[in-house]
Structure formats: structure tokens, C-alpha cells
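Numbers here simply count residues along the sequence, with the first being 1. Only a predicted model underlies this, so the values are computations on that prediction, with no experimental measurement involved.
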Amino acid sequence: MRVLLLGGTADARRLAGLLVHEGHHVVSSLAGRTREPLLPAGEVRIGGFGGVEGLTAYLRDERIDVLVDATHPFAATMSEHAAVACAGLGVPRMVVDRPGWTAAPGDVWHRVASLGEAAAVIPRLGRRVFLTTGRQGIAAFAGLDECWFLARSVEPPDADAPTRLDVVLDRGPFTVDGERRLMAENRIDVLVTKDSGGPDAKLVAARELGIPVVMVNRPPAPPLGPLDRVAGVHAITRVIAEAETRHP
């Protein structure tokens, strides 16, 4: 099977390795926002497709049998383009299921719809803020001069940023002990993050330290069509293997 795999997430890399091991031709498409991304197994392309028309042409010209959307849950534009392009060509689309986080006893969460809403909530919750929303979202907090920010990202921010900002360049996965120590040493009194799902070490550490969390909700996902399916990583490999058996 010829598989186009969208996304540079850990799930995408794991899935690429499994599919390549099973003998499929896998092309992983990365957005190109990180200069030194962790590369998955198989073929890799970096950069956008040029909207729905460009992605449609790529799927057709490369004779893609199935598209797997393993993008970050906040990559709404890419997911929307994938849904439209696949529907137009009748190419099956599979979406990696990455459940969001659910508050546990002891959590103090404030759910908001956007980074802008998060910036509006912060001043009434604390003054020393741990930002884990990615470097591209830091500009939303540029006007909060009364707050001090610790931002963590893979690369330095390249847009407007808060006046009082320290940046930690690091790449996960992170441990609960490490997150607890980082927050305690920097006297963090509010955590801001996106509901991306996956490992939740920072949320556990915030719960243990009694730190409130501003949680940015996910954007709505594109509607599912008749050929679309949402499944976990291993379920997707099984479905693709079954499809190859039916259409060798």
C-alpha cells in the first residue's frame, strides 16, 4: 500500500515505523516548522502542499492508497484540507485517535476556547506563568507585562513575546519529577497548555503542587465521511494490512 502519513507527532513516527516494517511504502509529510525534526522511518517530505488543490494533485499523482492523519490535534487547517482532498478523490482517510485530557480529582482547570482567552484569564490566576503552548502561540501573551513567563519549546520564539520571558529549549517526553522540579524552582503559579492529549507529566505535577491550569480546548475536527475512520495506531496498521489483502 502507498500511504501518505501526515504529522510529525510521536504517534506518527511510531506508526511510520510499524507500516514500513510491514512492507508498505510510507511517505511522512512534515510541516517544516522545526529546523531539526525527528525523522520517521520511510520517505519524508517537508513543507506544505499548496492547499486542497495541491494535496489533491499529490494524492492523485503519487497514487496514494490511503491517507493517515496523525497531525497534532491543533493542526486544524491541515486536517481540513486532508478531509476535503480525500473526499474529492475517494481516497480512504484514517485519523489517529488521540483522546484529550480529562480532569482528575485535585485538578483546578480553567478551560478556554483560544490562546487569546487564555491570556485574558491568566492575570486573575497568577503572575508566574509556565507556557507549554508552542513557540508560535507565545505572541498571544505579549501584552501581559505584569506577568513573568517561562516558555518551553523546541526552538526559540520568532514572533512578538512578553517583555518578561525566559525560554527553555527542550523536547519531550518529560517526567513528573522533572516537571515538578521545574515548576517549583521557577515558583510557577499557573500553567497554560493546549488539550493535545498524550503524556500528561506536567498536568500531574501541577496537580501535586496545587497549580491551576489554563487548558485551551481543541478546535473542531472535520466531519467524517463514508471512507473515513478514527482508530488507534495499532488498529490503523491492521486496517491497512487488511485492505492490502483485499486489493493486492
Side-chain angles (χ1 to χ4, degrees), residues 6-18 31 33-34 37-38 40 69-76 79 95-115 117-119 121-122 125-126 128-138 140-141 149-155 157 166-221 230-236:
L6 304 179
T9 61
D11 285 337
R13 291 192 297 273
R14 186 164 72 253
L15 182 55
L18 292 170
R33 295 187 180 125
T34 303
L38 298 177
D69 184 351
T71 57
H72 191 278
F74 283 79
S79 292
V95 181
V96 174
D97 183 23
R98 190 176 183 181
W101 289 313
T102 302
D107 284 328
V108 181
W109 288 6
H110 301 264
R111 284 195 172 271
V112 296
S114 66
L115 292 176
E117 287 190 20
V121 168
I122 285 173
L125 298 177
R128 297 186 65 83
V129 186
F130 185 23
L131 281 181
T132 63
T133 55
R135 66 188 177 96
Q136 292 185 313
I138 290 178
F141 306 91
F149 291 88
L150 176 69
R152 183 170 63 202
S153 58
V154 176
E155 295 181 357
D166 284 359
V167 178
V168 175
L169 300 181
D170 205 352
R171 192 196 305 259
F174 304 103
T175 66
V176 173
D177 286 345
E179 298 289 68
R180 188 193 306 111
R181 182 168 54 253
L182 181 65
M183 293 186 207
E185 290 176 351
N186 288 279
R187 307 193 311 281
I188 298 300
D189 53 18
V190 59
L191 167 67
V192 182
T193 193
K194 294 178 177 178
D195 189 4
S196 57
D200 63 349
K202 59 180 173 287
L203 298 177
V204 175
R207 182 188 312 136
E208 293 178 354
L209 293 172
I211 294 173
V213 176
V214 179
M215 182 73 68
V216 181
N217 290 332
R218 297 179 177 189
V230 177
V233 168
H234 289 284
I236 286 176

Kindly determine whether Arg207 and Asp107 satisfy salt bridge (charged side-chain N to carboxylate O under 4.0 Å, His left out), including the steps that lead there. CA-CA 5 Å; Arg207 182 188 312 136; Asp107 284 328; 2.9 Å; yes
Minimum-distance pair of heavy atoms, taken over all atoms of Thr71 and Ser79: OG1-OG, 3.3 Å
Rounded to the nearest 0.5 Å, what's the gap from CG on Leu150 to CE on Met183? Could you check? 9.5 Å
In this structure, CG of Asp170 is separated from CZ of Arg152 (nearest 0.5 Å) by 6.5 Å
Check for a donor-acceptor pair, side chain of Arg128 on one end and backbone N or O of Asn186 on the other, with a separation under 3.5 Å. yes
Which of Val213, Val129, Leu125, Val112 passes side chain to side chain contact (heavy atoms under 4.5 Å, CB included) with Val192? It is Val129
Any heavy-atom pair between the side chains of His234 and Leu18 that's under 4.5 Å? yes
Using a 4.5 Å cut-off on heavy atoms from C-beta on, say whether the side chain of Lys202 contacts that of Leu182. no
Pro219 and Phe74 have their tightest heavy-atom pair at CD-CD2, 3.5 Å
For the CZ atom of Phe174 and the OG1 atom of Thr132, what is their distance to the nearest 0.5 Å? 9.0 Å
Answer whether the closest heavy-atom distance between the side chains of Phe130 and Thr193 falls below 4.5 Å. no
Do the side chains of Asp195 and Pro73 get nearer than 4.5 Å, heavy atoms only? no
What is the distance from atom CG of Leu115 to atom CG of Leu131, rounded to the nearest 0.5 Å? 9.0 Å
Looking at Leu209 and Ala184, what are the two nearest heavy atoms and their distance? CD1-N, 4.4 Å
Donor-acceptor pair, side chain of Trp109 and main chain of Ala104, under 3.5 angstrom: no
For residues Arg98 and Thr9, determine if any side-chain heavy atom of one lies less than 4.5 Å from a side-chain heavy atom of the other. yes
Closest contact, heavy atoms only, Glu117 versus Ala113: OE1-N, 3.1 Å
Within this structure, what is the CZ-OG1 distance for the pair Arg180 and Thr175, rounded to the nearest 0.5 Å? 8.5 Å
Determine whether Leu203 and Leu191 make a side-chain contact, defined as any pair of heavy atoms from C-beta on separated by less than 4.5 Å. yes
Looking only at heavy atoms, the pair that brings Val233 and Leu15 closest together is O-CD1, 3.6 Å
Of all heavy-atom pairs between Ile122 and Phe149, which one has the smallest distance, and what is that distance? CD1-CE2, 4.2 Å
Looking at side-chain heavy atoms only, is the closest gap between Glu208 and Glu179 below 4.5 Å? no
